[in-house]
Amino acid sequence: GNSVTQMEGPVTLSEEAFLTINCTYTATGYPSLFWYVQYPGEGLQLLLKATKADDKGSNKGFEATYRKETTSFHLEKGSVQVSDSAVYFCALRASGGYQKVTFGTGTKLQVIP
Amino acid sequence: DVKVTQSSRYLVKRTGEKVFLECVQDMDHENMFWYRQDPGLGLRLIYFSYDVKMKEKGDIPEGYSVSREKKERFSLILESASTNQTSMYLCASSSQGTSLYEQYFGPGTRLTVT
């Protein structure tokens, strides 16, 4: 079956530090890949997405590149802010028009001033 | 903006009670989902629905049922609540009109069963 593996948190960084959150996946075919973010007390919201190999999703300074050869979709940001403190979820939707999304376990990021 | 609302942010129920969690979306989405979120386990799909009166079991349907009588509303029912159903419950919706099926989430209901 499909699965998503994320690095365990929590991740604690100082403001302006470089962020990487690792994500690898297992799926047949060509899944679509997503990063969702959950701010404290809120539901998840889509942060960025990529639909095919070598696509780069980007939003709010965050980036992730769909690497089919390594089945990875690592999230990066060059300079984090306190307001980026949240839980980040990597997710995939299998190819073939199937609506279900498989989520990773989430990585909590805490940015300190 | 898509809006998904859930009937309660916090709920406390007793073991054995019947519990209803309501979710409403205002974007005419065909698909709706119920997840539970637990530390270390991430999001797990309980049930989903493609259309009115249609439902499909997700990964952990045991102890739950759902109802979708109107397109905008998707209810999760705990027939007899148990302490192991204490969790955060998230509702989501998505459109079949795009290939990505991006999901939009509500704020969640934190349910405590005592």
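So that the names make sense, note that chain A is the first sequence line, chain B the second, and so on, each numbered from 1. Atoms considered below: every heavy atom in the structure, side chains included; atoms not considered: hydrogens, waters and symmetry mates.
Contacts of Gln6(A) with chain B are absent, with no heavy-atom separation under 4.5 Å from either backbone or side chain. Contacts between Gln37(B) and chain A at a heavy-atom distance below 4.5 Å involve the side chain alone, from C-beta outward. For chain A, the nearby parts of Leu43(B) are the backbone and the side chain; heavy atoms of each come within less than 4.5 Å. Contacts between Arg110(B) and chain A at a heavy-atom distance below 4.5 Å are absent for every atom of the residue.
The environment of CD in Gln45(A) is crowded: more than 12 heavy-atom neighbours from other residues, nucleotides or ligands sit within 6.0 Å. Atom OH of Tyr10(B) has 12 or fewer heavy atoms from other residues, nucleotides or ligands within 6.0 Å. Atom NZ of Lys71(B) has more than 12 heavy atoms from other residues, nucleotides or ligands within 6.0 Å.
Annotation: the span from Phe105(B) atom CZ to Leu46(A) atom CG amounts to 9.5 Å, rounded to 0.5 Å. One distance of note links OH of Tyr36(A) with CD of Gln103(B); it measures 5.0 Å at 0.5 Å rounding.
A single hydrophobic cluster is seen to contain both Leu11(B) and Tyr89(B), as judged by linkage of ILVMFWY side chains at heavy-atom distances under 4.5 Å, directly or through other members. Note on Tyr35(B): it does not cluster hydrophobically with Tyr47(B), by side-chain heavy-atom contacts below 4.5 Å among ILVMFWY residues.
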